[in-house]
Amino acid sequence: MLLLRPGPTRGRGRERPAGAPRCGLSPPWSPAWICCWALAGCQAAWAGNLPSSSGRPLPPCLEEDYHFEYTECDSSGSRWRVAIPNPAVDCSGLPDPVRGKECTFSCASGEYLEMKNQVCSKCGEGTYSLGSGIKFDEWDELPAGFSNVATFMDTVVGPSDSRPDGCNNSSWVPRGNYIESNRDDCTVSLIYAVHLKKSGYVFFEYQYVDNNIFFEFFIQNDQCQEMDTTADKWVKLTDSGAWGSHSVMLKSGTNILYWRTTGILMGSKAVKPVLVKNITIEGVAYTSECFPCKPGTFSDEPGSFICQVCPRNTYSEKGAKECIKCDEDSQFSEEGSNECKERPPCATKDYFQIHTPCDEEGKTQIMYKWIEPKICREDLTDAIRLPPSGEKKDCPPCNPGFYNNGSSSCHPCPPGTFSDGTKECRPCPAGTEPALGFEYKWWNVLPGNMKTSCFNVGNSKCDGMNGWEVAGDHIQSGAGGSDNDYLILNLHIPGFKPPTSMTGAMGSELGRITFVFETLCSADCILYFMVGKKLALCTNNITDFTVKEVVAGSDDYTNLVGAFVCQSTIIPSESKGFRAALSSQSIILADTFLGVTVETTLQNINIKEDMFPVSPSQIPDVHFFYKSSTTTTSCVKGRSTAVKMRCNPAKPGAGTISVPSKCPAGTCDGCTFYFLWESAEACPLCTEHDFHEIEGACKRGFQETLYVWNEPKWCIKGISLPEKKLSTCETVDFWLKVGAGVGAFTAVLLVALTCYFWKKNQKLEYKYSKLVMTTNSKECELPAADSCAIMEGEDNEEEVVYSNKQSLLGKLKSLATKDKEDHFESVQLKSSRSPNI
């Protein structure tokens, strides 16, 4: 047995022989490691990797002759970094294996793991990195690791090979910036397997506009078992031209990702494919290199985790640090372009005309404008020039049902009146009512209930383009920018109200639309007229309860029933195979609308009070009654359906539908079906009675008034809450201060008067005592009084006169001066004796 220690080895650029051991699961000092290296040395000698005794020695290995890789992780979560010779390289002296980073180690976004020193370094300019993730944003070809599997939808009728032509040619097709699904009725899966060292996620953007194709995304483990995270695997539809996003959490270990589509062909109608782009997977162990920016993008800073899109009229190649400008005079490019294109000569499709609103003179101006951004050239030989603008024309009259009332704009006639557009609105004659409807004969401005738009299947923006343009007595489609542009004119009808004479009529139509059109196309063009008639569609072998967009007049729906209410029996899909979910036994429950009322009975169809829980609100439930014309042996009068619409603000949008607890299938007799539909859309519109005001405190002469909804809120939309109001107010604190001041002054005045009279009383008492004492001490010096009483017959003529009487203000003033002198009052006495005595 040949024993070799782990030291400098000689390598040759050959693959490891079949059955060669993986020497990275044990420590280098263990016997298993030594034996592993010994066996590897024997196999290398056997394979010719060691020089023979007669051969010349191999040159030493240089850094460009080999690269580093990590071994598989062992049970303790550790691994080794080993040097691997590059293909077709003969050298000796590879670096020794060293202990590597732990298996869960990863670099941050914008960095990569530099294997030589095992440190994270920033990506250079022109490159990017997700750190611990990978991204697929170039779809010129199918990236490495992706695969397609196509089968015909397996049904209970027969095996998949019963289809004559098979599905060998069905697959997902790369289209540059995105990948496109199949357009036929095959089931095609786009599959990618990834091994994650830690938990992560998968994220992708998609367009899914046609519900005649099923689109599901799910994940399986290495045992072909669906993961728990794929419970909701059906991807939601997106709006036309809009990109949606979808993300799912991934567990550590092996994850097999499936993007699966199944088309349902309805006669000759083509199926719009599903588009997927920007697939990002996060949670890989590490990134040992940075990815170059794809053409049309750039990265001008080190450590970038995303590449920026080149602006318009610039371009870039792969791995660009900056975008290169096109020649503005002769070239142009769209956003994210990898080359510049020559500007074509201007043509009639490069400009459009508009009509200005009517002025006070009843005139409108015709204006011509280039479609922006302008890419054509006017200086070429066969180019056309922009027609002059400003030509004035008489404004067309208002459309029927509108009148301008002397202004420059048309307004709808008030309720109960009518007009042909040229005369004032007049009341309807007695015994008649207005024939409600829209009639558009003149096109000076786009009506308020119409909107126009443009979108491209490849998501190229129709910048500055109107889908349709008004042109006086007609409306016309725009020019568009490419063959894949869709120019859309949308007319919204808020509702229908048949005349009173037709109310309740059986089988009568609610409305009708007619229009005159002409197609003048310079290239291939197709006019689609689509009615958003919302019906429930139930199709055998299909699970689809979404609202479909039914093309008016189309009869290419096979094995399909469309009605107000229909029922299908669902067969769940199998988790391991490619069997799609199926539906069968589709029946019509309601195809005739009987009426709507708040009463619980209509035409012998009764909704019992105890059938559903009582509504917590005071808003009455609205009941819709339907009937089916199809009769059966058990339902000789046909089936009927009652839908109870209930206001529930806690359930926005479509809300929820439930069945009676006593009848879990929605029916107790198989002929009459009952449903409770709870939704916020069933609530009335908000009015001024649904909110109240709260007045705040008066601060600094201003008071704030807020408006809040009444709780609980039983309305939606309608009027909005008024803005808070700020108003002037009389401050209560001011009057409190005034009252307190007056009270304080009164109290001080009373105290002052009390003190004054008390002091006055004290002085009088003192004077009186002094007078008594003086009289008692000098009685001998005073003559005695002759008499103390009035003699009989004498008049009391003596009067006391106060010669110096002070007012109350004077008394207060004297008190305030605090004069300590004795104050006396002069009293004039009149004698009763004669003056001769």
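Count residues from 1 along the sequence. Note that these values count all heavy atoms, side chains included, but never hydrogens, waters or copies made by symmetry.
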Inset, instruction - Run the numbers on Leu142 and Asn148 for side-chain contact (heavy atoms from CB on, under 4.5 Å), then give the verdict. - result: CA-CA 10 Å; Leu142 198 64; Asn148 279 290; 3.8 Å; yes
Legend entry - Side chain proximity check, Thr314 to Ile324, heavy atoms < 4.5 angstrom: no
Legend entry - Side chains of Phe136 and Val276 in contact at under 4.5 Å (non-hydrogen atoms): no
Legend entry - Over all atoms of both residues, closest heavy-atom pair of Ala144 and Tyr192: O-CE1, 3.8 Å
Legend entry - Closest approach of Val235 to Tyr206 (non-hydrogen atoms, all atoms of both residues): CG1-CZ, 3.2 Å
Inset, instruction - First locate atom NZ of Lys101, then atom CG of Leu113, and finally report the distance between them rounded to the nearest 0.5 Å. - result: 7.5 Å
Inset, instruction - State whether the side chain of Thr238 and the backbone N or O of Tyr208 hold a donor-acceptor pair below 3.5 Å, judged by distance alone. - result: yes
Legend entry - Geometric cation-pi criterion, Lys233 with Phe218: 6.0 Å, 45°: yes
Inset, instruction - Could you tell me whether Phe529 and Phe515 have their ring centroids closer than 6.0 angstrom? - result: yes
Inset, instruction - Measure the shortest side-chain to side-chain distance between Phe214 and Trp234 over non-hydrogen atoms and say whether it is less than 4.5 angstrom. - result: yes
Legend entry - Spacing of OH belonging to Tyr258 relative to CD1 belonging to Ile219, to within rounding of 0.5 Å: 11.5 Å
Legend entry - Glu205 atom CD, over 12 foreign heavy atoms within 6.0 Å: yes
Legend entry - With Glu282, the side chain to side chain donor-acceptor pair (under 3.5 Å) member among Ser132, Ser109, Ser106: Ser132
Inset, instruction - Using distance alone, with no hydrogens and no angle criterion, decide if Glu111 and Ser129 have a side-chain donor and acceptor under 3.5 Å apart. - result: no
Inset, instruction - Identify which one of Thr261, Asp185, Asp184 satisfies the side chain to side chain donor-acceptor pair (under 3.5 Å) criterion when paired with Ser170. - result: Asp184
Inset, instruction - Would you confirm whether the ring centroid of Phe204 sits within less than 6.0 angstrom of the ring centroid of Phe217? - result: yes
Legend entry - Flag for Thr254-Asn221: side-chain donor and acceptor within less than 3.5 Å: no
Inset, instruction - Could you please spell out the steps behind the side-chain contact (heavy atoms from CB on, under 4.5 Å) verdict for Val209 and Leu237? - result: CA-CA 6 Å; Val209 297; Leu237 289 167; 6.0 Å; no
Legend entry - Minimum-distance pair of heavy atoms, taken over all atoms of Asn338 and Pro295: CB-CB, 3.5 Å
Inset, instruction - State, yes or no, whether a side-chain contact exists between Ser181 and Ile213 at a heavy-atom distance under 4.5 Å. - result: yes
Legend entry - Leu275 side chain near Trp243 side chain, heavy-atom distance below 4.5 Å: yes
Legend entry - side-chain contact (heavy atoms from CB on, under 4.5 Å) evaluation trace for Leu130 with Tyr112: CA-CA 8 Å; Leu130 301 179; Tyr112 72 101; over 6 Å; no
Inset, instruction - Mind listing the closest non-hydrogen atom pair of Tyr626 and Ala590 along with its distance? - result: CB-CB, 3.2 Å
Inset, instruction - Give a yes or no on whether a salt bridge exists between Glu72 and Arg79, defined as a side-chain N under 4.0 angstrom from a carboxylate O. - result: no
Legend entry - Arg639 and its side-chain contact (heavy atoms from CB on, under 4.5 Å) partner, picked from Ile588, Val565, Leu589: Leu589
Inset, instruction - Could you tell me whether the side chains of Ser333 and Asn313 share a donor-acceptor contact shorter than 3.5 Å? - result: no
Inset, instruction - Answer yes or no: does atom CZ of Phe68 have more than 12 heavy-atom neighbours from other residues, nucleotides or ligands under 6.0 Å? - result: yes
Inset, instruction - Calculate, to the nearest 0.5 Å, the distance between atoms CG and SG belonging to Asn169 and Cys186 respectively. - result: 9.0 Å
Legend entry - Euclidean distance, Ile256 CD1 relative to Ile191 CD1, rounded to 0.5 Å: 8.0 Å
Inset, instruction - Would you check, one step at a time, whether the test side-chain contact (heavy atoms from CB on, under 4.5 Å) holds for Glu342 with Gln331? - result: CA-CA 4 Å; Glu342 295 295 326; Gln331 296 178 328; 3.5 Å; yes
Legend entry - Atom pair CG (Asp137) and CZ (Phe291), whose distance is rounded to the nearest 0.5 Å: 10.0 Å
Inset, instruction - Please report the shortest heavy-atom distance between Ser316 and Lys294, naming the atom on each side. - result: OG-O, 4.5 Å
Legend entry - Lys277 to Trp139, cation-pi by 6.0 Å centre distance and 45° axis angle: no
Inset, instruction - Could you tell me whether Trp259 and Phe215 have their ring centroids closer than 6.0 angstrom? - result: no
Legend entry - Distance, nearest 0.5 Å, that separates CD of Glu138 from OG1 of Thr297: 7.5 Å
Legend entry - Check: Tyr128 and Cys123 side chains under 4.5 Å, non-hydrogen atoms: no
Inset, instruction - Decide whether Thr656 and Lys651 meet the rule of one side-chain donor and one side-chain acceptor closer than 3.5 Å. - result: yes
Legend entry - Check: Glu322 and Asp300 side chains under 4.5 Å, non-hydrogen atoms: no
Inset, instruction - Return the minimal non-hydrogen interatomic distance between Cys310 and Tyr315, and the atom names on each side. - result: SG-C, 4.1 Å
Legend entry - Heavy-atom side-chain contact between Leu491 and Leu489 under 4.5 Å: no
